[in-house]
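Heavy atoms only: backbone and side chains are in, while hydrogens, waters and symmetry mates are out. Throughout, protein chains are lettered first and strands after them, A, B, ... in sequence-line order, and every chain is numbered starting at 1.
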Amino acid sequence: MSQSISKVLTMSPSDETVSVSGWVRTKRSSKNVAFVALNDGSTIRNLQLVIDVDKGYEGLNEEVMAKVTTGASLCASGKLVASQGSGQAVELLCEKISVQGVADPDEYPLQPKKHSLEFLREIGHLRFRTNVFGAILRVRHAMTFAIHKFFNDRGFYNIHTPIITGSDCEGAGEMFRVTTLPEHNPPLLDDGKIDYAQDFFGKATNLTVSGQLEGELAAMALGKIYTFGPTFRAENSNTSRHLAEFWMIEPEVAFADLTDNMNLAEEFLQYLIGYALENCVDDMDFLSKRYAEEEKLKPQAEREEMTLLEKLEFVRKNAFERITYTQAIEILMNCTPNKKKKFQYPVERWGIDLQSEHERYLVEKHFKKPVIVTDYPRENKAFYMRVNPDEKTVAAMDILVPGVGEIIGGSQREERFEVLKERAAEFKIPLESIWWYLDIRKYGSVVHSGFGLGFERLLMFITGMTNVRDVSPFPRTPKSAEF
RNA sequence: UCCCAAGUAGCUCAGUGGUAGAGCAGUCGGCUGUUAACCGACUGGCCGGGGGUUCAAGUCCCUCCUUGGGAGCCA
């Protein structure tokens, strides 16, 4: 059984035989000796194999070495020795190599050089073998683990909310229909519409766009819950920040108001950043260097002043700015870009939706740190958000971060039965379709709050990647579901 | 869905109406320990698809497809 390269790299030279398995990244050979950089995914670091053809070890001949090419898989064993070269502390002096699977150099698309992220997206089945995706996926795993740890340590229960939902009032965009009705000639009603009463569930069903409403039900009994699952949006969004299938974390807390909610969200983000910095040192270091190289390509004026690691450290250590929507509008109305008519959407009055350019100005130019904007106009936000005493705004909060924009959206929920019914009516949501959601306000209703964090957006922020397709192993976007 | 840009060798790109190029990769050879090794030679093209203008189109026009950036919607 071979040992992981991450472990081998921490070992000291000894006479014991060490076995490793992995994929060849590069091979460099001269007349008498060859060097192979081997990676097994356990770490971004490679183990250097030294193959001395002259030593006459069995199987270490030119025929075998010809199969050792970039991309080939092999098992190797030998003695771990102090390296004569300067790039690594130890290296494996090979006594035996068995090539498991060859990779024809004429065809294998990955070369030992920098490839564009666009090209790597086209070879999504092989891009796992690159440094950048290895790093991202190890960080992605670490973040998954840290999310469960954060909530578990604080007494939250993980709830699996449904992926197939009969609720069509979640109000978060277009949904994917789930049906077993025949493609051709489905049963129809008299008015020509499809008769979903004959469908699998006896009604029209879709893939979920949010687990929040169901999460609220659980929070009304278990107190503190969170969901962490896939969500689906059938929006025709063609941007670097949207996926049709993405993962979302949605905590919901009973007896918590909007301030508690903001405190939780801020502590959560800072915890996750800290976890990545402390537990993914090699990968984060690599990603920070990659980020710095990307920044160098930008014009001076658009460059980040801080490295990725510095930026994350800054966000982790400094309190987020908290402002109301009304204050945000005042800042934006009086800011230079607005007065000089630099905004595509001028800020002229209270009540407008904040556009991407406005959010970016607040975060990147005005405050230069994450900003929590609260208390939005009631017309602009979902029906379940609690109406404030001023009757004009709701207890909503959005967390905006540099580079990514909105990373968290949340609110205190409307817990008052009568008010919630009125709000649902305002949004033309049939009350009978959410009878169970309303019931929760009828029986033992409590003040409660929650938020949603887009997992891939979190990863973009932490890894410094600028396209969401590069932080998901299998991105689903309009016209694209190849792998 | 809208706006803009781009599709030329396996990859990254140059080629602005007149014989299709470079670097890297690959192959072969060389090199006494390399670090995306180095040195030399060779190989490699329906110039995204279709249609048009022209004596002549990679280059100009139309159209479709794909990709990227921005916008909307949002996480």
Side-chain angles (χ1 to χ4, degrees), chain A residues 25-37 45-54 66 69-71 81-88 91 93 103-123 126 130-131 170-174 209-212 230-250 265 298 343-345 353-357 359-360 380-382 398-401 404-410 451-461 466-472 477-480 482:
Chain A
R25 286 294 175 79
T26 62
K27 179 175 77 169
R28 297 174 291 274
S29 54
S30 58
K31 198 172 185 180
N32 299 318
V33 66
F35 301 90
V36 171
R45 294 168 189 263
N46 300 325
L47 177 65
Q48 174 155 286
L49 309 182
V50 183
I51 297 123
D52 199 334
V53 181
D54 276 354
T69 59
T70 300
V81 299
S83 179
Q84 294 174 33
S86 58
Q88 56 284 315
E91 60 194 15
L93 196 55
D104 184 347
D106 284 333
E107 291 176 24
Y108 188 63
L110 279 174
Q111 301 163 11
K113 67 169 214 171
K114 189 181 159 74
H115 285 295
S116 69
L117 294 168
E118 291 84 354
F119 173 65
L120 293 176
R121 274 172 223 148
E122 291 172 17
I123 50 167
L126 295 172
T130 62
N131 282 334
E170 286 166 344
E174 293 297 311
V209 292
S210 163
Q212 181 202 317
T231 46
F232 308 87
R233 306 276 167 93
E235 298 285 355
N236 191 11
S237 297
N238 293 289
T239 79
S240 54
R241 303 181 307 283
H242 289 87
L243 292 171
E245 175 182 304
F246 63 100
W247 288 65
M248 192 153 63
I249 299 102
E250 296 178 288
K298 294 185 189 169
F343 284 147
Q344 191 187 339
Y345 297 87
D353 273 318
L354 294 184
Q355 307 291 329
S356 292
E357 57 181 347
E359 295 179 350
R360 271 210 309 277
N380 303 6
K381 288 291 184 180
D398 284 354
I399 302 188
L400 314 173
V401 296
V404 179
E406 186 183 339
I407 195 169
I408 279 180
F451 62 81
L453 167 70
F455 187 48
E456 282 78 10
R457 295 234 176 131
L458 169 78
L459 287 171
M460 288 172 76
F461 184 60
T466 53
N467 193 314
V468 73
R469 296 171 183 89
D470 297 328
V471 298
S472 169
T477 53
K479 302 272 184 294
S480 171
E482 181 66 23

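- In this structure, the nucleotide among B:G68, B:G10, B:A75 sitting nearest to the side chain of A:Arg457 is B:A75.
- Residue A:Arg241 is classed as a base contact, given a heavy-atom separation below 4.0 Å to a base.
- Within 4.0 Å (heavy atoms only), A:Gln84 reaches at least one base atom of the nucleic acid.
- A:His242 comes within 4.0 angstrom of a base, heavy atoms only.
- As judged by a 4.0 angstrom heavy-atom cut-off over every strand, A:Thr231 is placed among residues making no nucleic acid contact.
- In this structure, the CZ atom of A:Phe343 is 17 Å from the P atom of B:G70, given to the nearest Å.
- A:Glu91 contributes a side-chain N or O that forms a donor-acceptor pair with the base of B:G33 under 3.5 Å.
- The side-chain ring of A:Phe246 is stacked on the base of B:A75, judged by centre separation under 5.5 angstrom and plane angle under 30 degrees.
- The side chain of A:Lys479 has B:U66 as its nearest neighbour among B:G69, B:U32, B:U66.
- In the set B:G72, B:U66, B:C11, B:G72 carries the atom at the smallest distance from any side-chain atom of A:Thr239.
- Checked by atom type, the side-chain pair A:Arg233/A:Thr231 shows no donor-acceptor distance below 3.5 Å.
- Taking every side-chain heavy atom of A:Ser237 into account, B:C73 is the closest of B:G33, B:U12, B:C73.
- Here A:Ser30 lies in heavy-atom contact (under 4.0 Å) with a base.
- Residue A:Ser240 places its side chain closer to B:G70 than to any other of B:G10, B:G70, B:C73.
- The distance between atom NZ of A:Lys114 and atom C1' of B:C13, rounded to the nearest whole Å, is 15 Å.
- For A:Ser116, whose side chain is taken as the heavy atoms from C-beta onward, the closest listed nucleotide among B:A36, B:G72, B:U12 is B:U12.
- The residue A:Glu107 sits apart from the nucleic acid: no heavy atom pair falls under 4.0 Å.
- Among B:A75, B:G33, B:C11, the nucleotide with an atom closest to any side-chain atom of A:Arg233 is B:A75.
- Residue contacts for A:Leu453: at a heavy-atom cut-off of 4.0 Å it reaches no nucleic acid atom on any strand shown.
- At the heavy-atom level, A:Gln88 lies under 4.0 Å from base atoms of the strands shown.
- The nucleotide whose nearest atom lies closest to any side-chain atom of A:Ser83 is, among B:U34, B:G68, B:A36, B:U34.
- Residue A:Asn467 is classed as a sugar-phosphate contact, given heavy-atom separations below 4.0 Å to backbone atoms only.
- Residues A:Ser472 and A:Glu456 bring no donor and acceptor atom of their side chains to less than 3.5 Å of each other.
- Within 4.0 Å of A:Glu406, counting heavy atoms only, lie sugar-phosphate atoms of the nucleic acid but no base atom.
- Atom name P, nucleotides B:U8 and B:C60: the rounded distance is 15 Å, in whole Å.
- Residue-to-nucleotide proximity on RNA chain B shows that, of A:Glu357 and A:Arg469, the 5′-proximal contact is made by A:Arg469.
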